[in-house]
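One-based numbering, in listed order, for ligands and for the atoms of each. The figures here come from the full heavy-atom set of this structure, side chains too, leaving out hydrogens, waters and symmetry mates.
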Amino acid sequence: MTSAVKTEFGLIETYFNQQGSHREDVDLAIGDDGALMTVPDGHQLVVSTDTMVLGTHFLSDADPAWVGHKALSSNLSDIIAMGATPTWVSLALTLPAIDEQWLQGFCDGFFTLAKDYNVTLVGGDTTSGPLAITVTIHGTVPRGEAWLRCNAKVGDKIYVSAELGDSQAGLDYVLDPRLESDVKSTLLSRHFRRYPPLSLVKSLSGKICCALDISDGLIADLGHILKASQVGAVIDADKLPLSAELITHCEGDEQRAKQMALASGEEYALCFTAPAALELHDLPVHCIGHITDSAHLEITTAGKPVTWPLKGYDHFGKTDES
Ligand code: ADP
Ligand code: MG
């Protein structure tokens with residue numbers, strides 16, 4: 001297609017200037033060598049970066065609006081998993097060419113979500129090369145209240161904030177476009193369009209102190225908590241929240257659905273631990289196990305340890321046997 005925007009600066013002006021939510025704490029946004037923001041008194045700044053690369057995190061036929069959504073949602077998820085409120089983002093885009101149709105779609109997905117979460121784009125970088133998207137996100141958290149992986153305590157209960165497995169199931173349809181089923185469009189949408197649980201930051205702030213987001217799969221990610229906190233855990237696979245669509249995708253095979261829920265990456269749900277006495281009945285969270293003083297993770301079904309082969313994602317090692 002012919003492009004009206006021909007230069008880097010035209011592109012920034014057209015697509016990225018004054019986008020996202022307008023925030024009072026942004027003193028200077030796009031246009032200078034750096035952006036200026038005010039961190040509220042008594043708060044700490046949280047920073048996190050995630051990159052998405054064509055061919056690794058999405059394929060060339062992916063809907064650009066979904067790619068834009070996913071680029072931001074994976075970053076929102078990291079900030080939320082620190083118990084922080086997301087505030088500002090910067091966006092480094094490497095583009096093979098100026099494709100305005102793609103850019104418009106990308107921006108629709110990215111900025112719709114940015115407005116939903118009250119996040120402002122304050123800067124970035126635009127370069128030419130193989131398609132890659134790097135988002136650096138900032139957030140603020142009351143000093144000393146961040147949720148850290150090293151804070152799990154023996155006896156804590158383990159919770160997740162959403163049904164698990166749908167992202168992995170959606171990926172099956174991405175990787176094999178010939179695969180058809182009644183739940184295909186729902187699961188594809190769940191793979192790309194996650195909404196990290198910002199409301200839980202408010203509900204759980206000051207009450208919990210250990211969390212992470214599920215990006216490499218529950219088993220792999222929970223392993224990070226266990227290692228950092230030097231504890232073990234028991235997960236009751238029968239308590240994993242599973243969607244009706246996942247069960248349909250697995251043709252009614254609940255064991256397969258549970259295995260997917262344990263290993264599914266890019267869920268961008270929260271996994272956290274909380275003192276056993278903390279009442280969380282009113283919140284959209286699911287208790288799936290507890291922290292132990294053993295040195296390992298045990299998964300049970302019908303009260304017995306399972307021997308399923310479970311894998312977590314690793315960019316360089318391909319897979320880890322858990
Ligand atoms: P510099 O050469 O000083 O690094 P640039 O020419 O790269 O500045 O960018 C000019 C301005 O546009 C800067 O304020 C930068 O933050 C912003 N910017 C560049 N690319 C993007 C982008 N993809 N998204 C948002 N802001 C961008
Ligand atoms: Mg620059």
Side-chain angles (χ1 to χ4, degrees), residues 1-40 45-80 84-140 192-196 198 268:
M1 94 179 256
T2 51
S3 169
V5 172
K6 295 199 166 54
T7 64
E8 176 190 335
F9 296 104
L11 191 150
I12 295 166
E13 192 56 36
T14 306
Y15 291 100
F16 301 117
N17 210 353
Q18 306 201 357
Q19 289 269 33
S21 182
H22 175 80
R23 294 182 59 100
E24 296 291 325
D25 51 13
V26 177
D27 304 309
L28 182 66
I30 291 172
D32 214 312
D33 293 315
L36 293 171
M37 288 82 73
T38 300
V39 177
L45 179 67
V46 184
V47 182
S48 178
T49 298
D50 254 334
T51 294
M52 280 175 53
V53 176
L54 175 66
T56 303
H57 300 90
F58 61 99
L59 300 178
S60 56
D61 60 355
D63 181 337
W66 287 6
V67 174
H69 181 111
K70 189 172 167 182
L72 182 55
S73 64
S74 63
N75 279 273
L76 289 167
S77 178
D78 283 320
I79 294 294
I80 288 166
T85 303
T87 49
W88 317 298
V89 274
S90 69
L91 170 64
L93 260 187
T94 304
L95 302 168
I98 298 179
D99 175 345
E100 288 206 66
Q101 203 179 348
W102 189 89
L103 272 167
Q104 192 57 59
F106 176 86
C107 287
D108 284 349
F110 192 95
F111 292 116
T112 301
L113 192 64
K115 285 194 184 117
D116 283 354
Y117 282 73
N118 192 20
V119 164
T120 304
L121 182 70
V122 294
D125 199 21
T126 308
T127 50
S128 96
L131 185 58
I133 304 148
T134 296
V135 174
T136 296
I137 191 161
H138 303 76
T140 59
F192 280 101
R193 309 194 64 198
R194 310 306 294 194
Y195 291 88
L198 179 58
Y268 304 123

Asks: Heavy-atom contacts with Ile30 under 4.0 Å: which atoms of ligand 1 show up? List them by number with element.
Replies: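 Result: 12 (O), 14 (O), 17 (C), 25 (C), 26 (N).
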
Asks: Going by distance alone, is a donor N or O of one side chain under 3.5 Å from an acceptor N or O of the other, for Thr136 and Thr49?
Replies: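 Yes, side-chain donor-acceptor contact under 3.5 Å.
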
Asks: Can you run down the side chain to side chain donor-acceptor pair (under 3.5 Å) pairs that involve residues 105-117, sequence neighbours left out, and say none if there aren't any?
Replies: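 Sorted pair list: Gln104-Asp108.
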
Asks: Any idea which part of Leu121 is under 4.0 Å from ligand 1, heavy-atom wise: side chain, backbone, both or neither?
Replies: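 The part of Leu121 near ligand 1 is the side chain, not the backbone.
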
Asks: Just by modelled atom types, is the Ala65 backbone N or O under 3.5 Å from a matching donor or acceptor in the His69 side chain?
Replies: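 Pair absent, no side-chain N/O of His69 close to backbone of Ala65.
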
Asks: Return the option from Asp33, Val122, Leu91, Ile12 holding the heavy atom at the smallest distance from atom 3 (O) of ligand 1.
Replies: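 That would be Asp33.
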
Asks: Give the intermediate values and the outcome of side chain to side chain contact (heavy atoms under 4.5 Å, CB included) for residues Tyr195 and Leu76.
Replies: CA-CA 9 Å; Tyr195 291 88; Leu76 289 167; over 6 Å; no

Asks: Would you check if Tyr15 and Thr126 make a side-chain contact, meaning some heavy-atom pair closer than 4.5 Å?
Replies: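 A side-chain contact under 4.5 Å is absent here.
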
Asks: What atoms of ligand 1 come closer than 4.0 angstrom to any heavy atom of Thr126?
Replies: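 What qualifies from ligand 1 is 19 (C), 20 (N), 21 (C), 22 (C), 23 (N).
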
Asks: Of all residues at least two apart in sequence or in a different chain, which pass the side-chain hydrogen bond (donor to acceptor under 3.5 Å, both in side chains) check with Asp33?
Replies: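 With neighbours one apart ignored, the set is empty.
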
Asks: Which atoms of ligand 1 sit under 4.0 Å from any heavy atom of Asp32?
Replies: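 So the atoms of ligand 1 that pass are 13 (C), 14 (O).
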
Asks: Is there a donor-acceptor contact under 3.5 Å from the side chain of Lys70 to the main chain of His57?
Replies: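 Side chain of Lys70 to backbone of His57: a pair is present.
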
Asks: Could you tell me whether Gly31 and ligand 1 have an N or O pair separated by under 3.5 Å?
Replies: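 Right, the criterion is met.
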
Asks: Give a yes/no on ligand 1: does Phe9 have at least one heavy atom closer than 4.0 angstrom to it?
Replies: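 A heavy atom of Phe9 does come that close to ligand 1.
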
Asks: Mind checking whether Gly124 has an N or O less than 3.5 Å away from an N or O of ligand 1?
Replies: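 Yes, Gly124 has an N/O under 3.5 Å of an N/O on ligand 1.
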
Asks: For ligand 1, which atoms, with element, lie under 4.0 Å from some heavy atom of Asp125?
Replies: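 Selected atoms, number and element: 7 (O), 19 (C), 20 (N), 21 (C), 22 (C), 23 (N).
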
